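Inspection log for the structure reproduced underneath, given as structure tokens.
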Amino acid sequence: MCGIVGYTGSSSAVPVLLSGLKRLEYRGYDSAGIAVNTGGSLQMVKASGHLEHLMERLKSTPLSGTSGIGHTRWATHGAPTDINAHPHMSNDGQFAVVHNGIIENYAQLREELTENGFQFSSETDTEVIVHLLEYYDQGDPKVAVMKAASRLEGSYALGVVCARFPDTLYTARLSSPLILGVGIGESFFASDVTALVRHTKNVIYMEDGEFACITPRGIEVFDSTGAPIRKTVSRVAWDVEAAEKGGYDHFMLKEIMEQPRALKLTIEPRIRDGRIVLDEFESFRAQLPNIRKVVITACGSAYHAGCVGRYVIEQLCRIPVEAELASELRYRNPIIDSSTLLIVVSQSGETADTIAALKECKARGATVLAVVNVVGSTIAKLADYVLYTWAGPEIAVATTKGYTTQVAVLDLFAVWAAEALGTISAQSCADYVKQLLSLPERAQRAIDLNPGIPALARQYKAADAMFFIGRNIDYAICLEGSLKLKEISYIHSEAYAAGELKHGTIALIDEGRLVVALACQEALFDKMMSNVREVKARGAQVLAAALEGNRRILSQADDVLYIPDTDPLFLAIPEIIPLQLFAYYMARENGCDIDKPKNLAKSVTVE
Ligand code: F6R
């Protein structure tokens with residue numbers, strides 16, 4: 001969602017801020033703006049729409065200065081207009097602020113500040129912050145920031161500039177990501193590491209309730225009493241190329257193609273001498289027999305990864321497993337106690353509903369294991385244990401390598417736990433480990449086996465609606481295949497458990513309707529073929545997915561995607577890849593903005 005960035009150093013601030021904002025574009029936004037300290041006074045330029053509009057405006061109103069703050073806004077309070085765009089400035093022109101998050105008590109604060117004579121110019125919740133800064137300003141901006149923050153309820157990552165202190169930036173964090181960048185003679189802040197790696201790989205992850213004063217000479221972090229905190233400087237493991245397109249037309253295509261490597265990085269280090277070792281979770285091994293139930297919770301594609309995980313963990317560990325949308329779980333008064341293992345899945349680690357569900361279940365005594373991609377994210381911090389997916393930065397809004405690496409970690413967990421619980425034999429364990437190690441290669445084979453996908457997309461591009469059907473894990477993959485298609489191509493699609501067709505949906509199957517039938521679970525192949533015959537009999541066109549070498553499918557389906565032969569439990573990884581490619585090329589054929597689909601944000605930090 002929104003992105004913030006700040007710079008102080010000896011270079012001109014505007015290009016640094018703009019390049020940071022460019023890297024945050026993927027999070028989704030509808031307006032942008034920057035404020036620069038021009039040596040004792042603050043000036044800002046804002047524009048609704050794409051960053052290009054802001055850049056155009058900066059040509060006619062150039063800002064010169066070596067420190068400043070920038071923002072990409074995803075409208076929540078007030079329309080995406082120039083006035084509502086951040087930064088917001090105080091009435092006396094001393095402070096400008098950029099903010100990610102939501103101020104829940106903004107209405108009361110607005111009333112109070114209005115009574116005290118402050119003039120509001122926007123409809124945003126953020127504007128209360130900058131007037132609070134002026135209200136509490138008694139000379140030291142650090143104190144004003146702390147006092148203002150103490151009045152705020154909700155979530156925030158704040159970046160503040162003060163006209164009187166031209167080379168200093170001030171930041172504060174509560175439930176919204178904030179990372180500081182440590183350079184040589186320059187310092188930065190941003191809501192996301194991707195905005196920093198071009199300049200520095202040395203970063204400080206801010207925690208909730210912390211504040212910082214940032215100058216070119218260094219960074220001071222302190223707590224809510226003003227006492228200094230010693231923070232560790234971490235080194236970002238990936239470099240700038242990882243956050244660039246590298247010759248592909250879209251980040252999404254690049255990230256699809258990166259999956260074999262991302263899977264290798266996620267799986268291989270966790271297999272030693274033929275055994276799965278989950279370093280970060282090994283200390284829990286002895287407590288596993290006390291677990292009576294596993295609950296997997298997440299949103300969107302991460303939830304779909306959880307749906308796959310449910311089949312695999314239940315099958316191998318013989319423990320009841322529930323997969324539930326975090327937005328439902330959080331309000332359901334669930335039966336969860338200290339015998340529950342809660343697995344929270346999130347690429348960003350910042351999804352608001354997932355965080356709320358985690359907190360709710362933790363309060364009821366569950367042990368929380370997070371499967372997260374972004375190091376140092378809120379979910380990683382709140383969980384008792386973290387298993388990172390080593391997917392690298394995922395920029396396209398539609399997740400691809402994020403999802404497959406989540407599935408890989410859940411698969412690893414399932415085999416590891418089954419071995420620990422003794423629910424699989426040593427021989428089966430060794431066989432599963434071999435299968436897991438071969439997944440990166442199978443992912444590559446899934447790409448190589450299906451060079452005809454762009455042509456299929458040309459053939460089917462005019463489809464206005466379609467159905468994905470499958471059984472068992474194939475059904476869990478349908479959920480993700482269907483979401484991928486609709487979110488980037490805007491073609492209506494629905495995922496159905498194939499056995500449910502007759503209970504209603506078949507009424508929608510008519511002449512020419514495209515049905516994507518996933519038939520890779522050999523044990524259920526004949527059942528799927530009956531479903532395929534049913535929809536064909538009503539005039540549907542069928543694009544099937546079947547295992548490489550399966551010739552029986554040819555007599556039933558109009559077109560076939562081939563999936564490398566894989567243990568049925570681990571099929572999700574190779575099977576989703578052709579569906580990701582199909583969604584990508586369908587969107588491309590329809591001229592859609594693939595990396596930034598309309599109305600969607602990469603990191604959904606509000607409910
Ligand atoms: C779809 C997609 C979303 C996310 C969901 C959860 O392509 O990316 O459905 O999966 O918003 O996000 P994370 O995994 O960051 O919690």
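Every number for a ligand or one of its atoms is a count from 1 in the order of the listing. Remember, it's a predicted structure, so these values are computed and weren't measured experimentally. Excluded from the calculations below are hydrogen atoms, water molecules and symmetry mates; all remaining heavy atoms, backbone and side chain alike, are included.
Closest to atom 3 (C) of ligand 1, if we only count protein heavy atoms, is Ser301 N, 4.0 Å. Nearest protein heavy-atom neighbour of atom 11 (O) of ligand 1: Val604 CG2, 4.1 Å. Protein heavy atom closest to atom 5 (C) of ligand 1, with residue, atom name and distance, is Cys299 O, 3.5 Å. At the shortest separation from atom 12 (O) of ligand 1 among protein heavy atoms lies Thr351 OG1, 3.5 Å.
Counting the atoms of ligand 1 from 1 in the order shown, those under 4.0 Å from a heavy atom of Gln347 are 13 (P), 14 (O), 15 (O), 16 (O). Below 4.0 Å from some heavy atom of Glu487 lie the following atoms of ligand 1, by number and element: 1 (C), 7 (O). Those atoms of ligand 1 that come under 4.0 Å of a heavy atom in Ala302, given as number and element, are 10 (O), 14 (O).
In this structure, Lys264 places its NZ atom where only 12 or fewer heavy-atom neighbours from other residues, nucleotides or ligands lie under 6.0 Å away.
When non-hydrogen atoms are compared, ligand 1 lies under 4.0 Å from the side chain of Lys484 (C-beta onward) but not from its backbone.
A salt bridge links Glu258 with Lys254; the closest basic N to acidic carboxylate O contact falls under 4.0 Å. Between Glu322 and Lys293, at least one side-chain N (NZ, or NE/NH1/NH2) sits under 4.0 Å from a carboxylate O, which counts as a salt bridge.
Looking only at side-chain heavy atoms (C-beta outward), Asn450 and Leu581 stay at 4.5 Å or farther from each other. Put simply, the side chain of Glu207 reaches to within 4.5 Å of the side chain of Lys231, judged on heavy atoms.
Contact analysis puts Val397 in contact with ligand 1, with a non-hydrogen atom separation below 4.0 angstrom.
The aromatic rings of Phe281 and Phe413 are tilted relative to each other, their planes meeting at an angle between 30° and 60°.
Using a 3.5 Å distance cut-off with no hydrogens or angles, the side chains of Gln435 and Asp411 do not pair a donor with an acceptor. No side-chain N or O of Thr266 forms a donor-acceptor pair with one of Thr389 less than 3.5 Å apart.
Backbone and side-chain nitrogen or oxygen atoms of Thr354 are examined, and none is located within less than 3.5 angstrom of a nitrogen or oxygen of ligand 1.
In this structure, of Ser348, Gly402, Ala398, the residue bringing a heavy atom nearest to atom 15 (O) of ligand 1 is Ser348.
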